[in-house]
Amino acid sequence: LETDFETALKKDYEQFCQSRSIECRYDQYVAEGKALIKPLPDSQKGQIARYVANRIVTETPEFIPKLITKLLELIPKPTIA
């Protein structure tokens, strides 16, 4: 996994789009988020990342980032007593 959420999400989404021969709109979503949020220099990175993640999930709900898959593997499954 990558060291930060944005890098990991972008890489996973690019691979997902390439594997399905669909246009990767990650950079477009970042630009939309910045235009909407109008962040100060070097700020509100998390808000933009959330905007991008929400756009990706809305447009391609079948996309599951590797980070989420890895977290699901690490979370203990409940046992039924």
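Quick note: numbers below take in every heavy atom, side chains included, and nothing from hydrogens, waters or symmetry partners.
- By the 6.0 Å contact criterion, CD on E73 is enclosed, its count of non-hydrogen atoms from other residues, nucleotides or ligands being greater than 12.
- The structure places CG of D12 at 11.5 Å from CD1 of I64, a figure rounded to the nearest 0.5 Å.
- Atoms CD and CZ, from Q47 and R50 in turn, are 5.5 Å apart once rounded to the nearest 0.5 Å.
- E23 CD to Q28 CD: the interatomic distance, rounded to the nearest 0.5 Å, is 6.5 Å.
- The shortest heavy-atom contact between Y26 and E6 is OH-O, 3.4 Å.
- Note that SG of C24 is 10.5 Å distant from CD of Q15, once rounded to the nearest 0.5 Å.
- Of all non-hydrogen atoms in P39 and K34, the two that sit nearest each other are CD-O, 3.4 Å.
- One distance of note links OH of Y51 with CG of L36; it measures 6.0 Å at 0.5 Å rounding.
- Legend: side chain to side chain donor-acceptor pair (under 3.5 Å) pairs involving residues 53-63, not counting sequence neighbours, sorted by first then second residue: E32-R55, R55-E59.
- In this structure, CZ in F63 is found 9.5 Å from CZ in R20, a value given to the nearest 0.5 Å.
- Classification of the Y13-Y29 ring pair by plane angle, with boundaries at 30° and 60°, yields tilted.
- L67 and V57 fall into different hydrophobic clusters, where Ile, Leu, Val, Met, Phe, Trp and Tyr residues are linked whenever their side-chain heavy atoms come under 4.5 Å apart, directly or through other members.
- Results of the side-chain contact (heavy atoms from CB on, under 4.5 Å) test with L9 over D4, V52, I68 single out V52 as the only residue that passes.
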